There are 2 protein chains.
Amino acid sequence: MAIDRKQLILEAAKKSFSLFGYKATTMDQVAKLANVGKGTIYTFFKSKEEILDEIVTSLIRDMKAEAGNAIDPNSRFDENIRRVLIRFLEFRKSHQLTIKLFQEEREIGTKAVVDVIQRVEQAIIDYMKGIIQDAIDRGEIKECNPEITAFVMLETYVALIFDWEQHHPPLDKEEMSDLFKLYFFEGLLK
Amino acid sequence: MAIDRKQLILEAAKKSFSLFGYKATTMDQVAKLANVGKGTIYTFFKSKEEILDEIVTSLIRDMKAEAGNAIDPNSRFDENIRRVLIRFLEFRKSHQLTIKLFQEEREIGTKAVVDVIQRVEQAIIDYMKGIIQDAIDRGEIKECNPEITAFVMLETYVALIFDWEQHHPPLDKEEMSDLFKLYFFEGLLK
DNA sequence: AAAATGACCAAATGAACAAAATAGTCATTA
DNA sequence: TAATGACTATTTTGTTCATTTGGTCATTTT
């Protein structure tokens with residue numbers, strides 16, 4: 001069987017995006033890395049952006065799979081949702097591609113990258129939304145808007161992990177977990 | 001009595017910063033607006049940045065005063081802290097100077113402006129910290145780290161007001177209030 | 001004498017232009 | 001028929017240089 005050129009291109013692009021970022025990756029470079037002519041790329045993809053889109057689509061698939069593994073049917077809802085969130089953010093922290101893309105979004109703001117990050121974030125929120133809706137249906141938590149709830153939880157986690165550390169000593173996993181439990185599940189009121 | 005030249009300069013600078021931003025304001029412009037020679041400015045201030053610092057210091061004083069007015073001794077803690085937060089963010093939304101400065105921070109990232117915004121944010125957190133510590137002392141809420149709690153509350157509010165609206169219909173005050181109560185005070189668990 | 005001033009300067013900025021690089025096309029090739 | 005890389009229109013980058021700017025200080029005004 002002949003080599004799967006499309007796959008070669010996707011892998012080359014992913015490697016280059018991870019190493020140099022989206023903007024700094026040239027199509028010539030991708031062609032060379034994939035050992036194909038540049039024209040070949042355009043028989044599989046409409047544009048550079050479409051390559052990124054396809055890569056991110058499979059990235060989202062991987063993230064969801066990882067998040068699924070984090071769920072333990074024997075644990076309570078609040079335990080599970082915290083584990084899912086941690087998985088998502090650790091995925092993001094441990095994969096070179098996501099690190100580079102988030103960095104490029106903040107520092108350069110390349111349009112295609114901003115769009116794609118938005119998709120990743122929405123995918124996380126949609127995933128959590130499902131879990132939250134289930135918990136409501138099962139009567140484990142109070143009625144609430146699942147989308148807003150997922151949004152607020154994600155924003156809070158991101159703030160605690162990325163922004164708090166800008167001016168304070170970082171929080172360890174244990175502390176994070178306790179804070180989350182206190183703020184979102186038990187509430188501050190005595 | 002002679003005109004207070006220092007005050008004239010501060011007012012001229014504040015007006016210009018509000019209208020054009022910090023970077024786009026020139027010292028010649030401030031001098032002209034204040035009807036003083038440029039050299040005079042430097043008998044009162046060491047640098048352009050020092051003018052901004054002094055303006056923001058008094059801005060923080062005003063914000064704290066406004067926040068203080070929002071506190072009603074007859075209301076419960078959670079009602080009060082929500083009102084204080086709303087006051088802070090409305091202050092920020094309704095004063096031309098803060099609008100311009102936050103915009104310049106995001107869009108240009110002028111160093112002096114980034115520093116000054118950080119000071120404003122820390123001032124809000126410190127103020128809330130005090131209120132939270134009081135509530136803990138009075139036994140109204142559970143033990144918690146007041147600084148982290150203030151930080152998370154501010155981040156959440158900002159996310160709901162500024163980020164949520166990017167891709168969703170805005171939340172009205174009533175909804176915001178209910179969400180805040182649910183997430184932070186009562187908790188999601190049944 | 002003290003306070004105020006604006007001409008002046010070194011450094012920063014940005015407009016304008018040239019050169020290089022790049023995404024995407026298409027006639028040719030294998 | 002699938003693959004290719006030379007080619008092109010458009011962006012991006014690098015460079016130059018006139019203008020602008022924050023800040024100083026010798027001079028003027030009070």
Side-chain angles (χ1 to χ4, degrees), chain A residues 1-56 100-101 103-105 107-116, chain B residues 1-17 19-56 100-101 104-105 107-116:
Chain A
M1 142 189 169
I3 27 168
D4 183 347
R5 296 183 127 75
K6 184 171 178 184
Q7 206 49 42
L8 281 179
I9 293 164
L10 281 172
E11 273 155 29
K14 185 169 179 181
K15 182 178 278 177
S16 186
F17 290 161
S18 303
L19 240 40
F20 312 112
Y22 176 77
K23 195 180 178 191
T25 291
T26 70
M27 295 303 265
D28 279 313
Q29 201 176 139
V30 173
K32 191 164 280 176
L33 258 172
N35 265 100
V36 298
K38 187 156 63 143
T40 310
I41 296 179
Y42 288 88
T43 65
F44 294 108
F45 302 95
K46 213 172 89 278
S47 66
K48 186 181 176 185
E49 186 166 357
E50 196 175 276
I51 301 181
L52 179 65
D53 281 344
E54 202 150 312
I55 290 173
V56 167
K100 262 286 168 199
L101 289 180
Q103 181 190 327
E104 185 167 341
E105 193 232 356
E107 290 172 15
I108 316 186
T110 320
K111 168 134 188 343
V113 176
V114 171
D115 289 350
V116 116
Chain B
M1 140 188 170
I3 28 169
D4 183 346
R5 296 183 127 75
K6 184 172 177 184
Q7 207 49 43
L8 281 180
I9 293 164
L10 281 172
E11 273 156 28
K14 186 171 178 178
K15 182 179 280 179
S16 186
F17 291 162
L19 240 39
F20 311 112
Y22 175 76
K23 195 179 178 192
T25 291
T26 71
M27 295 304 264
D28 278 313
Q29 199 175 140
V30 174
K32 190 164 283 178
L33 259 173
N35 263 101
V36 298
K38 188 157 63 146
T40 310
I41 297 178
Y42 288 88
T43 66
F44 295 108
F45 302 96
K46 214 172 89 276
S47 66
K48 186 181 176 184
E49 186 166 359
E50 197 174 274
I51 301 181
L52 179 65
D53 281 344
E54 203 151 312
I55 289 173
V56 167
K100 262 286 168 199
L101 289 180
E104 184 167 343
E105 193 231 359
E107 290 173 13
I108 318 185
T110 320
K111 169 133 187 343
V113 175
V114 172
D115 289 351
V116 116

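Order of the sequence lines sets the chain letters (A, B, ...), proteins ahead of strands, with each chain counted from 1. Because the structure is predicted, anything quoted here is derived from the model rather than measured.
At whole-Å resolution of the value, CG in N35(A) and C1' in dG5(D) are 14 Å apart. Separating the NZ atom of K46(B) from the C1' atom of dG23(D) is a distance of 12 Å, rounded to the nearest angstrom. For the pair I9(B) CD1 and dG23(D) C1', the interatomic distance rounds to 14 Å; values are reported in whole Å. Following rounding to the nearest Å, F17(B) (CZ) and dG22(D) (C1') show an atom-to-atom distance of 12 Å. Rounded to whole angstrom, the span from the NZ atom of K38(A) across to the P atom of dA3(D) amounts to 17 Å. Rounding to whole angstrom units, CD of residue Q29(B) and P of dG23(D) are separated by 15 Å. Put simply, NZ on K32(B) is 13 Å from P on dT20(D), counting in whole angstrom units. If you take CZ of F44(B) and C1' of dG23(D), they are 17 Å apart, rounded to a whole angstrom.
Both tests do not hold together for K100(B) against F17(B): distance to the six-membered ring centre under 6.0 Å, angle to the ring axis within 45°.
The 5' end of DNA chain D is approached more closely, in terms of each residue's nearest nucleotide, by V36(A) than by the other of K23(A) and V36(A). Each of D28(B) and T40(A) was matched to the nucleotide of DNA chain C holding its nearest heavy atom; the match closer to the 5' end belongs to D28(B).
Listed here is the closest heavy atom pair of Q29(B) and S16(B): OE1-OG, 3.2 Å. The shortest heavy-atom contact between E50(B) and F44(B) is OE2-O, 4.0 Å.
Remark: the backbone N or O of Y22(A) is paired with a side-chain donor or acceptor of K48(A) at under 3.5 angstrom.
In this structure, R5(A) reaches the dA3(D) phosphate: one of its side-chain N or O atoms is under 4.0 Å from OP1 or OP2. Of the side-chain N and O atoms in Y42(B), none sit less than 4.0 angstrom from OP1 or OP2 of dT24(D).
For DNA chain C, the outermost nucleotides in 5' to 3' order that have an atom under 4.0 Å from a heavy atom of chain B are dA4(C) to dG6(C).
Electrostatic pairing of K111(A) and D115(A) counts as a salt bridge here, judged by a charged N lying under 4.0 Å from a carboxylate O.
Note that CZ of F45(A) is 3.5 Å distant from CG of L10(A), once rounded to the nearest 0.5 Å.
If you check every strand for non-hydrogen atoms under 4.0 Å, T26(A) touches sugar and phosphate atoms only. Contact annotation for K48(A): backbone-only contact, meaning every heavy-atom pair under 4.0 Å involves sugar-phosphate atoms and none involves a base.
When side chains are defined from C-beta on, L8(B) does not count as touching N35(B), because their heavy atoms never get closer than 4.5 Å.
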